[in-house]
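A short worksheet on the structure shown next.
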Amino acid sequence: MPIGARRNKPCPTKVLFEVIDSNAGDIVTKEVNADPGVGLDCGTMNFVAARRIGQKIETKRVRDAFLDLEQSHKRMLKLSDTSFIEISGKLLVIGDDALECANLLNREARRPMSCGILNSSEIFAQQVIGLMMKQVLGSPTKIGEKCCYSVPSPAIDVSFSDVTYHRAILSKILQELGYDPEPANEAQAIIFSDCQKENFSGIGISYGSGMTNVCLSYNAMSALEFSLAKGGDWIDTGSGSAVNVTRAKMCALKESGIDISAPEGRDQEAIALFVESLINYSIRGIIERFHSVKKEILIPKPIPIIISGGTSLAGGFLDKFKERFESFAPDFPVKISEIRSALDPMTAVATGLLMLSQMDD
Amino acid sequence: MSGFKKLTNLISGDVVVEDIGVRLRGVGDSCIISSESADSSKDLIMNSRFLKIKNIRTDTKISFWPFVNDSNITHDVVKNDHGIITIKEEIQKISESLQILLERPSPEVVVDKIKKPISLQAGHSSQSHFLESIVEKPMFIPSKITIDEENIEMNMKVDVSKEVVDKTNFEDGLTALRNLRKKK
């Protein structure tokens, strides 16, 4: 181990990308050509970090969920090598394992974030988020490495939607991890990632789990940013209630690869209905928001709509969006050149944030 | 001779004497209990205004409530219904959560301004887009949020999905974004 490098602390003299082998408990460090700067998408369902290594972009994802278990389960967790922590006398299973355990026990996994922001009713939310961030970010490559993290816009369809505290907590956590945090709008990050040929002009829509974020950007300038408080969780909860299935199971079904244009069975039909309802709701919300700002949005050229977010990964989502958009097109205040999906809907936000983090280098 | 008491309900509603397990349904419903049971019942005293209590003396053996030998029951004879059990569980959870919160470091950081999200706006220089944002009222942030991993037991084999994408146009996009900002 190089002199000066300690566990979980960056080496101040050399750029290192520290990899921790958690099974052996040792620290394995290797020197890689990692450029400073990292993008972090703090989603309700997943944390995704993007880091540039040479000509490649490395992304890491961890499920944003945990489950509390009794102490009696500790032996079972150790035997099955399931990820857990013991904190304040509680056993918490973290990440994807939490959803699997929840489905097994017919329970709902607990979420540190809700509707796009910190879940204030979860007592372990901040600590769990800190752990997850550390897993996807690793140690900074240099002291005070810049980390651009996503923040949603306040929701326009709920009262008292404020993201200030959420932003401050995430910033504090990142500072404790050794980063220099910079918040950035989630939906605009999609424009940076996927609209280079349009000179960073377009409407980015991030269909997340907790909410749907929208940004109208022209020549990299944000003209309008807002969010709607419905997303993948709303689909899971609503469709689950309709067919008397837990939200966790509906989420698993949705992510298993359904095609909403040809649903099979009652459960998939319920999901398809709610997806279509979400699409209608989001398009109507965009139109109403554009009209409500009461200023003319003069875009000289048609711009694209970029669809992103984990919820948009459902089969047939883009086609359904195009189909529904046609019926709203006469009322849409901006001329649209095309509607397309982000190149990688799961990592578009993180990649765009990575770009922002390296702008000043 | 044995001593007994006859309890007669005087009101239209049920009268329950919990500690001796008696329920009298409606006006006129009655039962006979032993004098020993009656004398040892505190709930009978509380409910006495709803009951007519009459001493009975008899030489014959008669069945009287509770039709069993006196027991040494010390716990509640009335079961809590599901709602009570749920409320007690919730109270327990809240107490545990409160205990956890009290053990955490007290907030020391008072935030009165935080950075606004980066939003490239026309006319701003490269430095001025890091604008301060004044919050309406101070926020109390915990002094320490992240966990000291040395002090807890953990097995963090979190399934971190790793992908490496060949993004040769990333550099082009980054250059274009930098150039665009310089023009502003």
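Letters go in sequence order (proteins before strands), and every chain restarts at 1. Reckoned from all heavy atoms, side chains included, excluding hydrogens, waters and symmetry mates.
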Hey, what do you get for [atom1] ([X]) to [atom2] ([Y]), rounding to the nearest 0.5 Å?
X: B:Leu180; Y: A:Met221; atom1: CG; atom2: CE; result: 8.0 Å
X: A:Ile123; Y: B:Lys93; atom1: CD1; atom2: NZ; result: 12.5 Å
X: B:Ile145; Y: A:Gln126; atom1: CD1; atom2: CD; result: 4.5 Å
X: B:Thr146; Y: A:Leu177; atom1: OG1; atom2: CG; result: 6.0 Å
X: A:Gln358; Y: B:Arg178; atom1: CD; atom2: CZ; result: 7.0 Å

Contact class of [X] relative to chain B, heavy atoms under 4.5 angstrom:
X: A:Tyr149; result: neither
X: A:Leu92; result: neither
X: A:Glu86; result: both
X: A:Asn199; result: both

Closest heavy-atom contact between [X] and [Y]?
X: A:Phe200; Y: B:Gly173; value: CZ-O, 3.4 Å
X: A:Thr351; Y: B:Phe170; value: O-CE1, 3.8 Å
X: A:Glu176; Y: B:Lys144; value: OE2-CA, 3.4 Å

Exercise for the section: Evaluate the side-chain proximity of B:Leu177 to A:Met355: yes if any heavy-atom separation is below 4.5 Å, no if none is. Expected result: yes

Exercise for the section: May I ask you to name which of A:Lys90, A:Lys74, A:Lys197, A:Met133 has the most heavy-atom pairs under 4.5 Å with chain B? Expected result: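 Among the listed options, the one with the most contacts to chain B is A:Lys74.
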
Handout entry: Part of B:Leu174 within contact of chain A (heavy atom distance under 4.5 Å)
Key = both

Exercise for the section: Against chain A, label B:Gln99 side chain, backbone, both or neither, depending on which of its atoms sit under 4.5 Å from a heavy atom there. Expected result: neither

Problem - Whether over 12 other heavy atoms sit under 6.0 Å from A:Gln71 CD - result: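 Enclosed.
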
